[in-house]
Each structure stands twice: as structure tokens, then as C-alpha cells.
Amino acid sequence: MDERRTDAGCATGAPGTGADGHVQGGRPSLIGEDAEGLARRLAELGVAARERGMRARQLFRWIYARGARSFEIMSDLPKDLRDALAERFELSRPQVLACAQSRDGTRKWLLGYEDGARVELVYIPEPGRGTLCLSSQVGCPLGCRFCRTATMGLWRNLRAGEILGQILFAKDALDDWPADRPGRQVTNLVLMGMGEPLLNYEAVRQALRVALARDGLGLSRRRITVSTAGVVPRIAELGRDLGVRLAVSLHAADDATRDRLVPINRKWNIAALLEACRNYPAGRRITFEYVLLHGVNDRPEDARRLVRLLADLPAKVNLIPFNPWPGSEYRPSSAERVRRFRRLLEAGGLEAPVREPRGRDILAACGQLASAPPRTRAA
Ligand code: SAH
């Protein structure tokens with residue numbers, strides 16, 4: 001993470017500098033509260049019941065649509081209420097511990113929370129859009145064999161406010177407020193950073209509700225993608241509660257291979273996973289992620305089997321060249337094998353773009369995120 005440390009690019013707009021008089025004082029943060037939660041907080045401050053709903057909506061807009069980092073600037077709230085809020089609560093962002101910028105413009109930040117937990121956050125600019133890759137857990141319990149985050153194990157879940165804090169932090173750093181400004185930089189969210197979002201579902205749901213709220217971050221469902229390795233019972237809930245796009249980390253076309261690569265397959269196998277996908281709200285195409293590992297899952301028969309598996313689904317396959325990391329046991333498939341695999345999928349009627357690795361030089365690409373020395377992996 002310290003290679004290519006470009007403080008000039010990274011430190012701009014980094015929070016915690018006190019430029020806006022913001023103080024970190026260990027008070028509870030309001031970030032993560034929805035309008036009802038904010039109304040409850042206002043009740044604690046003694047705000048009259050008839051006023052609470054309106055004040056909560058004002059607060060909500062200040063926090064999530066305008067990116068306020070102090071109560072002082074909330075000019076349409078009475079001064080005594082602003083003072084009372086400032087005394088009891090804060091709007092702090094995670095602390096930035098390190099940052100790096102790739103040759104291709106991808107940025108990665110190492111963020112720290114109060115208890116010492118750390119996650120990585122990645123921003124990927126592309127023409128006409130900008131994608132923020134959020135982490136949902138500190139580490140990950142799933143143990144996928146080719147993934148660097150897995151070497152950490154699970155440290156803890158992130159709270160809704162900590163997930164949202166990543167978005168607010170990035171928008172501060174990118175000078176991207178207010179949320180509805182024309183030409184905004186953060187247009188898309190993907191839950192493809194550290195962790196398995198569907199194993200921290202309550203927090204993810206709460207955070208994404210705020211991201212979707214029109215008077216919050218105001219992002220559309222089509223611009224938010226939740227990626228799962230296959231926590232099958234939660235897939236239906238995700239469709240029902242949020243209706244965002246679904247990505248599935250498939251990575252193998254038969255159970256024996258998938259059992260080994262993505263161990264959660266032993267609990268919910270490919271058939272169960274695809275059944276949940278078939279029932280995902282109609283009209284939304286599902287992205288299947290497939291990391292190509294030399295000699296492991298990149299044979300022609302794998303491609304043909306994949307075509308058969310996905311034949312009755314509105315599917316697209318994202319082929320991900322394996323991104324190596326220090327200590328990884330796999331090799332990326334050669335360009336020739338990637339081309340052959342892709343041709344076979346396309347011949348079977350599947351759209352199968354090869355995902356351009358972004359930020360590889362700063363270990364910010366898929367599966368390269370980690371924020372602590374690895375624990376020894378259980379056998
Ligand atoms: N736990 C969720 C969210 C993580 S998304 C999930 O598994 O979907 C991160 C994506 O990168 C997943 O598809 C993951 O399988 C993939 N990935 C992990 N390690 C990788 C590596 N070394 N190279 C390329 N992709 C990798």
C-alpha cells in the first residue's frame with residue numbers, strides 16, 4: 001500500500017484535518033441513522049414530537065445529500081438545536097491511514113475505525129462514471145482460495161454507519177458534494193470490496209437504503225451492485241428489500257471445483273445458487289463473476305458447462321483475469337486461454353467481457369484487498 005504514495009493526490013480533502021472545525025470527541029456518530037433513527041435521536045434531545053419529523057428530514061438531507069461535516073452549517077436548524085446536536089453527536093468519517101493512486105487513475109484508501117479495524121476502499125474512474133467499491137466486513141470468513149482478503153479471516157462486521165462513512169469519505173476526498181450535483185464523480189456503488197455483504201445483511205440494507213433515498217445520496221437501484229459468493233437464503237431478501245443489481249461470484253461450473261475454490265458451495269451448491277438467481281426480481285440481468293485460474297477452471301469443458309448452466313438465466317459473465325498477490329497459489333490463465341474461454345461462452349450465446357484489471361499496481365484490483373498481516377489459515 002505504501003508503494004506509489006502520492007500525498008498530493010491523496011491527501012486533498014482528506015477529513016480529520018479540522019479545516020471545518022470538526023472535532024473528533026468520541027461522541028456517537030449520526031452517520032448510519034435513517035430519518036426514523038434521527039427522529040429518535042432528536043427525541044433524546046427533547047425536540048417536541050410535532051417538530052421531530054421535519055427536523056429529522058432536514059438533518060438527513062444535510063448529512064447525506066449535502067455532506068455536512070458539522071452541525072454549525074445547518075442554517076435552517078435553530079441555533080440552540082445545532083448546539084445541542086454538536087454537544088451530543090458527531091458526523092465523523094473514518095480516518096485515512098494511507099492512500100495510493102494507480103497509473104490508471106484508480107485510487108485506494110486504507111481507512112481506520114475507532115477500534116483499530118481497517119478496511120480498504122477503492123474508487124475507479126471511467127469515462128462518464130465513477131464506481132466506488134465498498135467493503136462490508138473487516139476481513140472475510142468465506143475462505144475463497146484465490147482471494148487475498150480471505151487470508152485475514154473475519155475480524156468483524158461493519159456497522160451501517162461505517163459502510164456509509166466510506167461513501168461520505170470518498171465524496172469528501174473527491175470534492176463531490178452535493179450528492180445531486182451535475183457531473184458527479186461517484187455514480188455507482190459496488191459491494192465488492194472486503195467481506196461478504198450478505199453475511200452482514202442488516203447493516204448493508206440500512207446503508208443502501210440511505211444511498212438509494214432521493215433526499216439522501218440519491219443513487220438509482222441500477223447503479224448499485226451487491227456481489228455475493230452465494231449466501232443463498234439472503235438473495236431473495238435482497239431482491240425484495242432493495243432490488244439492486246446482483247452479481248454472483250461463480251468461478252466454477254461444477255460442484256467439485258467450486259467446493260474447493262469457494263467453500264460456501266459446500267453449504268449451498270451451484271444448483272441451489274442458480275435457483276435463487278432464477279427467482280431474483282425479473283428484468284434484472286445477473287452478472288456472474290468468473291476468475292480465470294490457469295489449469296483449474298479455464299478448460300474448454302468448463303466453458304461449455306458454464307453455457308449449459310446459465311442457459312435459462314438472464315445472465316452475463318464477467319471474466320476476471322486472476323490478480324496475483326503475495327503468497328497466492330494460483331496463476332492467471334494465459335491471454336490465449338482467456339480468449340478461447342471467452343469465444344466458447346460467446347458461441348453459446350453468453351455475453352462475456354473480460355474485466356480490465358484496475359489498480360493492479362497498487363494491489364487495488366479484485367481480490368487483492370487486505371488490511372492486516374494474514375492469520376495462518378486453518379487447514
Ligand atoms: N464476498 C463477495 C464480495 C467480494 S467481490 C463475493 O465474493 O462476491 C470480489 C470479487 O473478486 C469476487 O468475485 C471475488 O471472487 C473476486 N476475486 C477474489 N480474489 C481474486 C483475485 N485474486 N483475482 C481476481 N478476482 C478475485
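Ligands are counted one by one from 1 in listed order, and the atoms in each one are counted from 1 as well.
In terms of polar-atom proximity, defined here as any N/O pair under 3.5 Å, Arg148 makes no such contact with ligand 1. Residue Pro321 has no nitrogen or oxygen atom sitting less than 3.5 Å from a nitrogen or oxygen atom of ligand 1, judged on distance alone.
At the shortest separation from atom 11 (O) of ligand 1 among protein heavy atoms lies Cys366 CB, 3.4 Å. In this structure, the protein non-hydrogen atom closest to atom 23 (N) of ligand 1 is Asn323 N, 2.9 Å. Scanning the protein heavy atoms around atom 19 (N) of ligand 1, the nearest turns out to be Gly367 CA, 3.0 Å.
Residue contact check: His251 has heavy atoms under 4.0 Å from atoms 13 (O), 14 (C), 15 (O) of ligand 1. Close approach of ligand 1 to Ala229 is summarised as follows: ligand atoms under 4.0 Å from at least one heavy atom of the residue are 6 (C), 7 (O), 8 (O). Short contacts between ligand 1 and Trp325, defined as distances under 4.0 Å to a heavy atom of the residue, involve ligand atoms 22 (N). Contact atoms of ligand 1 toward Ile320: 24 (C), 25 (N) (distance under 4.0 Å to a heavy atom of the residue). Of all the atoms in ligand 1, the ones that sit under 4.0 Å from a non-hydrogen atom of Val291 are 23 (N), 24 (C), 25 (N). Distances below 4.0 Å separate heavy atoms of Gly193 from the following atoms of ligand 1: 4 (C). For ligand 1 and Glu289, the ligand atoms under 4.0 Å from any heavy atom of the residue are 13 (O). Near Phe322, the atoms of ligand 1 lying under 4.0 angstrom from a non-hydrogen atom of the residue are 21 (C), 22 (N), 23 (N).
No side-chain donor from either of Glu72 and Ser70 sits under 3.5 Å from a side-chain acceptor of the other.
Heavy-atom contacts from other residues, nucleotides or ligands closer than 6.0 Å to CD of Glu87 number 12 or fewer. Residue-environment remark: CZ (Arg214) stays at or below the threshold of 12 foreign heavy atoms within 6.0 Å. The local environment of CZ in Arg222 is sparse, with at most 12 non-hydrogen atoms from other residues, nucleotides or ligands closer than 6.0 Å. At most 12 non-hydrogen atoms from other residues, nucleotides or ligands lie less than 6.0 angstrom from CZ of Arg245. Counting heavy atoms of neighbouring residues, nucleotides and ligands inside a 6.0 Å radius, atom CZ of Arg181 exceeds 12 of them.
Arg148 and Glu120 are not joined by a salt bridge, as no carboxylate oxygen comes within less than 4.0 angstrom of a charged side-chain nitrogen. Ion pairing between Arg305 and Asp254 holds under the 4.0 Å rule for side-chain N and carboxylate O.
Heavy atoms of Gly195 come nearer than 4.0 angstrom to ligand 1 in at least one pair.
Taking CG of Leu246 as the reference point, atom CZ of Phe288 lies at 7.5 Å (rounded to 0.5 Å).
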query: Which is it for Leu121 and Trp109 under the side chain to side chain contact (heavy atoms under 4.5 Å, CB included) test, yes or no, and what are the steps along the way?
result: CA-CA 5 Å; Leu121 171 68; Trp109 295 278; 3.7 Å; yes

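Comparing heavy-atom distances from atom 13 (O) of ligand 1 across Ala150, Ser249, Pro332, Pro324 singles out Ser249 as nearest. Proximity annotation for atom 9 (C) of ligand 1: of Gln137, Met194, Arg145, Met192, Met192 comes nearest, heavy atoms only.
At a heavy-atom cutoff of 4.0 Å, ligand 1 is contacted by no atom of Val248, backbone or side chain.
Ring orientation note: the planes of Phe322 and Tyr330 are nearly perpendicular, at an angle over 60° on the 30°/60° scale.
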